[in-house]
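This report concerns only the one structure given below.
In this text the structure is predicted, and so the values were computed from the model without any measurement.
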Amino acid sequence: MINMMFKFKEPSIKTKETMADVALNGSNKDYKNSIISKIKNLTNHKHVEITNSGNASIFIALSAVGDNITIPNQGAWHGFKQISKCLNKNITLLKTEYGIINPDDITELEDESSLILTSFAGYTGEQNLKEISKICREKSITLIEDASAGIGDRKNKLGNGKYSDIILTSTGSPKIINAGSGGIISTNNPKIFEKTKIQQKIVKPNEIILSGIDVELENVGKKLEDTITASSYLKNKLDDVIHQNKRGLNVIIKDPKPKDISWNLKQELKINKSGFITKCPNYNRVKEKAIAIEIKNLDYDCLKKDKLNHIIETVEKYKNN
């Protein structure tokens, strides 16, 4: 088998050069307003703020809503629960199918509460935001979408203010908007930001991070589409794939011995930095014995078919052995 080294996704060369230049020389460009304008076009929201991290954006969103928060029982982000607890919110776990929410189950939730979810359950299955939003609107439930993995969706199904009341993203590594740090939050409800002025001051990003986010927003739609296409290619070639027919940014494969197969895969699928093999059960992915191939973590040059075929061959070599 061909020995290939994979590369962990980093900010683009242009992003790094821009951030370095701003760090050394400063800048006269208003990066904040440039970002706000671009995010408004992406999310269809009227109000945008920029933070120093994705968790900071979650903190602002949850600080602005009521006491009752619903979180998927798997396939979301553990920070939802941690931050909710920190804010003394009442937490309800919503049953899902490997992270995917059945909109009908939302009818059981309390009116005027809040539901927070990720665009892709476990990064692998696209949520039906249109139908989820419909039920939430009927029950006056505030829908908060963590679109760190869905921002820039060319199909306008994800990260769309037509469906989600609050949209937030991380712009840290290795997200679709990959500035190494930072976060964004948008909404059509000005009260969200009126209620959280103090929190916003605490989590303001510096000009260096703003410049990186601004550059990373270029071609964000293509970056997302390329990652989805690569993940779909693997999904169609492998067996025992969870949410095989749904769009996603990684591939989760059921396996009775996830510890063994993940160890073997890490020995052959070498990467220059952090890994791209995740072992399950894992709340952030699925509560099932499985492995997740984190295509979202790979440099875009690693999404070509020769590299993807190498992943397929390696998984098949060790699957169920």
Side-chain angles (χ1 to χ4, degrees), residues 19 22 30-40 42-72 76-92 110 112-119 136 140-151 159-161 163-173 175-214 216-217 284:
M19 294 175 75
V22 171
D30 189 343
Y31 285 110
K32 180 177 180 179
N33 277 330
S34 178
I35 293 167
I36 288 173
S37 177
K38 291 174 182 177
I39 293 298
K40 285 181 177 179
L42 288 174
T43 66
N44 298 308
H45 274 158
K46 296 177 182 178
H47 307 283
V48 178
E49 289 294 340
I50 308 161
T51 69
N52 59 17
S53 72
N55 279 334
S57 296
I58 296 169
F59 180 73
I60 288 174
L62 294 180
S63 296
V65 298
D67 290 336
N68 298 315
I69 307 293
T70 299
I71 301 169
W77 169 239
H78 64 81
F80 296 168
K81 186 183 294 185
Q82 293 173 334
I83 295 170
S84 294
K85 287 182 177 180
C86 177
L87 293 169
N88 293 316
K89 302 291 185 179
N90 303 314
I91 302 170
T92 298
E110 184 174 343
E112 300 182 1
S113 59
S114 299
L115 169 62
I116 184 168
L117 48 69
T118 50
S119 303
C136 285
S140 297
I141 293 173
T142 300
L143 178 57
I144 306 170
E145 179 188 357
D146 182 340
S148 300
I151 192 76
N160 188 344
Y163 305 130
S164 298
D165 299 300
I166 301 173
I167 294 172
L168 56 90
T169 71
S170 166
T171 59
S173 182
K175 300 299 189 294
I176 297 298
I177 305 171
N178 187 9
S181 184
I184 299 165
I185 177 170
S186 72
T187 182
N188 278 333
N189 183 357
K191 292 181 180 179
I192 299 298
F193 295 136
E194 290 171 7
K195 292 179 179 178
T196 57
K197 288 181 179 179
I198 294 176
Q199 292 92 326
Q200 292 170 54
K201 289 181 180 179
I202 295 171
V203 299
K204 286 177 63 176
N206 60 43
E207 197 70 13
I208 300 169
I209 295 302
L210 290 175
S211 70
I213 295 172
D214 187 58
E216 281 290 312
L217 278 164
N284 296 335

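- Between Thr171 and the choices Ile213, Asn178, Asn52, Leu210, the side chain to side chain contact (heavy atoms under 4.5 Å, CB included) rule is met once, by Ile213.
- Once rounded to the nearest 0.5 Å, the distance linking OG of Ser181 with CG of Asn206 reads 7.5 Å.
- If you take CG on Asn90 and CG on Asn68, they are separated by 5.0 Å, rounding to the nearest 0.5 Å.
- The two residues Pro205 and Thr51 have their closest heavy-atom pair at CB-O, 3.5 Å.
- Residues Ile39 and Ile36 are not in side-chain contact: their nearest non-hydrogen atoms beyond the backbone lie 4.5 Å or more apart.
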Mind running side-chain contact (heavy atoms from CB on, under 4.5 Å) on Leu117 and Leu143 for me, showing each step along the way?
-> CA-CA 8 Å; Leu117 48 69; Leu143 178 57; 4.0 Å; yes
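- Side chain of Asn160 to backbone of Asn44: no donor-acceptor contact under 3.5 angstrom is found.
- At least one donor-acceptor pair under 3.5 Å links the side chain of Glu145 to the backbone N or O of Gly159.
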Quick one: do Ser53 and Asn55 satisfy side chain to side chain donor-acceptor pair (under 3.5 Å)? Show the steps, please.
-> CA-CA 5 Å; Ser53 72; Asn55 279 334; 5.6 Å; no
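- Distance check: Leu168 CG to Ser57 OG gives 6.0 Å after rounding to the nearest 0.5 Å.
- How far NZ of Lys191 is from NE2 of His47: 11.5 Å, rounded to the nearest 0.5 Å.
- Looking at every heavy atom in both residues, His45 comes nearest to Ser186 through ND1-OG, 2.8 Å.
- Counting only heavy atoms from C-beta outward, the side chains of Lys204 and Glu49 never approach each other to under 4.5 Å.
- Between the Gln199 side chain and the Phe59 main chain, no donor and acceptor come within less than 3.5 Å of each other.
- Atom-to-atom distance recorded for Lys89:NZ and Ile83:CD1 is 11.5 Å, nearest 0.5 angstrom.
- No side-chain donor from either of Thr187 and Asn189 sits under 3.5 Å from a side-chain acceptor of the other.
- Contact detail for Phe80 and Thr118: the closest heavy-atom pair is CZ-CG2, 3.8 Å.
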Determine, stepwise, if the pair Gln200 / Ile60 fulfils side-chain contact (heavy atoms from CB on, under 4.5 Å).
-> CA-CA 7 Å; Gln200 292 170 54; Ile60 288 174; 3.8 Å; yes
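- A side chain to side chain contact (heavy atoms under 4.5 Å, CB included) with Thr142 is found for exactly one of Ile116, Ile166, Leu115, Ile69, namely Ile166.
- Atom CG of Leu62 is separated from atom OG of Ser114 by 7.5 Å, given to the nearest 0.5 angstrom.
- Between the side chain of Ser211 and the backbone N or O of Ile208 there is at least one donor-acceptor pair closer than 3.5 Å.
- The heavy-atom pair separating Gly183 from Ile50 by the smallest distance is O-CG2, 3.3 Å.
- Contact annotation: the side chain of Leu42 never approaches that of Ile167 to less than 4.5 Å [non-hydrogen atoms, C-beta and beyond].
- Each of Leu87, Ile192, Ile198 was evaluated against Ser63; a single residue qualifies, Leu87, per the side chain to side chain contact (heavy atoms under 4.5 Å, CB included) test.
- A donor-acceptor pair is defined here as one N or O able to donate and one able to accept, closer than 3.5 Å; no such pair exists between the side chain of Glu216 and the backbone of Gly212.
- A donor-acceptor pair under 3.5 Å is absent between the side-chain atoms of Ser113 and the main chain of Ile141, judged by distance alone.
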